[in-house]
Every structure is written in C-alpha cells, then in structure tokens.
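Okay, structure first, notes after.
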Amino acid sequence: MAWVGLRVPLEKWLGPTGASRFTDEDLRRLWEGGYETLEDLQIASQAGLERARLRPARADQIIHAQGEVRRAGMLWIWMM
C-alpha cells in the first residue's frame, strides 16, 4: 500500500480539490506504472499514463498541471 503515499504530493501539486479526484485505484495504477514520486508525475507522458491504465480524465489532469507549471515558468522568465 505504498501507493497511498502519492496522495500527499498530489495535494501539494494539484491542491486538495484536484487531488481528491484521484481514487485509491488511480493511485495504485500510478504506482504500479512506475510513478512513485511527484517528480515522476511531473515528467509523465500521456503514453506512459495510458500504459499505466490511468483513467483518461486523471491522465489529462496530470498533463494539464504540467502545462500550467511550464506556462508559469515561462511567464516568470519573460518578466525578468
């Protein structure tokens, strides 16, 4: 049940509301798919999440969050 440990980093990254959409089954599939840390999730690919058999809505949520982080980083660089 080590996969339960993914809930805390997900809450920090996606916020409590976003993370609450991930069921225990989602977390288990992520873990078994090799996504054991927040860093793993932050570099996950759509294809990798599909191989892990993560539900499409949850995979899209992760990919969207990655894009938000990238956009925020690019905005910060642009403002410098």
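Note that this is a predicted model, so its numbers are computed, not measured.
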query = Does T23 offer a backbone N or O that forms a donor-acceptor pair with the side chain of D26 under 3.5 Å?
reply = yes
task = Check whether any side-chain N or O of Q66 sits under 3.5 Å from a backbone N or O of Q42 as a donor-acceptor pair, and report yes or no.
result = yes
Ion pair check, D24 and R7, cut-off under 4.0 Å = yes
key: E25 with R28: basic N within carboxylate O range, under 4.0 Å   = yes
remark   = Those residues at least two apart in sequence (or on a different chain) that pass salt bridge (Lys or Arg N to Asp or Glu O under 4.0 Å) with D40 are none
Residues forming a salt bridge (Lys or Arg N to Asp or Glu O under 4.0 Å) with R58, sequence neighbours excluded = none
Looking only at heavy atoms, which two atoms of [X] and [Y] are closest? And how far apart?
{"X": "A59", "Y": "L54", "answer": "N-CD2, 3.6 Å"}
{"X": "I63", "Y": "S45", "answer": "CD1-C, 4.1 Å"}
{"X": "R29", "Y": "A52", "answer": "CB-O, 3.5 Å"}
{"X": "A19", "Y": "Q61", "answer": "N-NE2, 4.5 Å"}
{"X": "Y35", "Y": "L49", "answer": "OH-N, 3.5 Å"}

task = For residues F22 and L30, determine if any side-chain heavy atom of one lies less than 4.5 Å from a side-chain heavy atom of the other.
result = yes
ask   = So how far is it from L38 CG to E11 CD, rounded to the nearest 0.5 Å?
value =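 Reported to 0.5 Å precision, the distance equals 12.0 Å.
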ask   = Rounded to the nearest 0.5 Å, how far does CG of L14 lie from CD1 of I62?
value = 7.0 Å
